[in-house]
Amino acid sequence: MTSRNDELFARAQRTIPAGVNSPVRAFRSVGGTPRFFTRGEGAYLWDADGTRYIDYVGSWGPAIVGHAHPAVVRAVQDAAAGGLSFGAPTELEIVLAETLVRRMPSLELVRLVSSGTEATMSALRLARGYTGRSKIVKFEGCYHGHGDSLLVKAGSGALTFGQPSSAGVPSAIANETIVLPYNDSAAIEAAFVAEGDAIAGVIVEPIAGNMNLVMPAPGFLEALRALCHRYRAVLIFDEVMTGFRVHPGGAQARFGIVPDLTTLGKVIGGGMPVGAFGGKRAIMEKIAPLGPVYQAGTLSGNPVAVAAGLATLALTETPRFYDRLSRTTQTLTDGLTAAARNAGVTFCAQAAGGMFGLYFAADVPNTFERVMACDKEGFNAFFHAMLDAGIYLAPSAYEAGFVSAAHSDEDIAATIATAARAFAAVGSDSAFV
Ligand SMILES: *Cc1c(COP(=O)(O)O)cnc(C)c1O
């Protein structure tokens, strides 16, 4: 019997490239058929065959209070009943801006957009317009959306021109991006010494969550802060993933570092399309119509999307929300680590707030190279064993995982018990140990 997921996947591929609207969903990294979901509630998703999963993707981060939280659904319904979009200002947008500014004081002014990609593209243009310089520094393994300037990988030497990492990105644009190793303070210092007067800004994930999970090395973010000050470049923290996911005030509050600009997305829309960029008043005042840097959006600040974000953020402001989320996530990673050890599988894991990383390696990686050296086949075998047993992990060894406030102690215990069986099963595969 073919499953409904198989049927839908075959049908989707007739009209949608690879059957998906964003590449990782196609399961190319792990193989097999993507699950087509029909419903989500709390920590659970149900697929087209009616199978229930405990979800550790959470729409790649936004679902921090769980799926279909009644307060969020009600806020969306109420907003929708009053009209979907006006292309004109509304009071709710002000409330969201005030909430973001209160929770992240580095945002003196903030503008709403509709995706993380839009936020980072706008922040780069703003950094260039503000400084009158053109070069951008990014770090290998960090993902900042699919803007041309950011789909760039390192050239052959650290200070050579960046190379497009996607067809269709002109090399003239890639040449303006310098790609350096994450967590390498000496490399960024050398880049500033060589080209400091041409560098408009440095964009970084303050906790990297798009090459699995990589924590910043002690002193790395501090070095970026100091160098951007010294060379008057704009320091951009891309907190699209970490914003209100790893700490009530984002990664910048967790590490006590004040960036010049911050980009947000994911959690601030609570599952609806919302992004934002904001920061120092003197920089943000360069945005149109106050200043010469153009940026606009028909659906920016959309009332239904903003309502979902506000309701979600409000739920995270209960006392100890982040303590509990962090504890739940830590319990999960500790349990998985112990289960792997019992099964004799080389594995480790770490948590950061409501994010986690799983590594088929002896030690937690702190560089892109170390992440790439993890056992991808081991991950894929584990992924499928978990999926078959009703646990939905990110379908790639190079993505972070996400826990929500809806994950109960029982959900975590069930996940660890399932993982113990999965490790035992895949651990006996000789390719795996
Ligand atoms: C997801 C993500 C983006 C892109 O956001 P989209 O809403 O997918 O465009 C940018 N930066 C980081 C750090 C992200 O995790």
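We count ligands from 1, going down the list as the structure has it; atoms in each ligand are counted the same way. Counting begins at 1 with the first residue of the sequence.
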Seminar exercise, completed: Residues at least two apart in sequence or cross-chain that pass side-chain hydrogen bond (donor to acceptor under 3.5 Å, both in side chains) with E399, listed by chain then number, are none

For this session: Please collect all side chain to side chain donor-acceptor pair (under 3.5 Å) contacts where either partner lies in residues 23-36, sequence neighbours excluded, each pair once.
Result: D6-T33, R35-Y53

For this session: Hey, could you give me each pair passing side chain to side chain donor-acceptor pair (under 3.5 Å) that has a residue in residues 246-268? Not counting sequence neighbours.
Result: S106-Q252, R225-D260, D238-T263, E239-Q252, Q252-T262, D260-K280

Problem set entry | Non-hydrogen side-chain atoms of F139 and V202 separated by less than 4.5 Å | yes

Seminar exercise, completed: Heavy-atom contacts under 4.0 Å to ligand 1, chain-then-number order, include exactly S115, G116, T117, Y143, H144, G145, E205, N210, D238, V240, M241, K266

Problem set entry | Criterion ring pair (Phe, Tyr, Trp, His ring centres under 6.0 Å) on F9 and F27, from CA distance to verdict | CA-CA 11 Å; F9 193 37; F27 272 39; 8.2 Å; no

For this session: Answer yes or no: is there an ion pair linking R133 with E195, defined by an N-O contact shorter than 4.0 Å?
Result: no

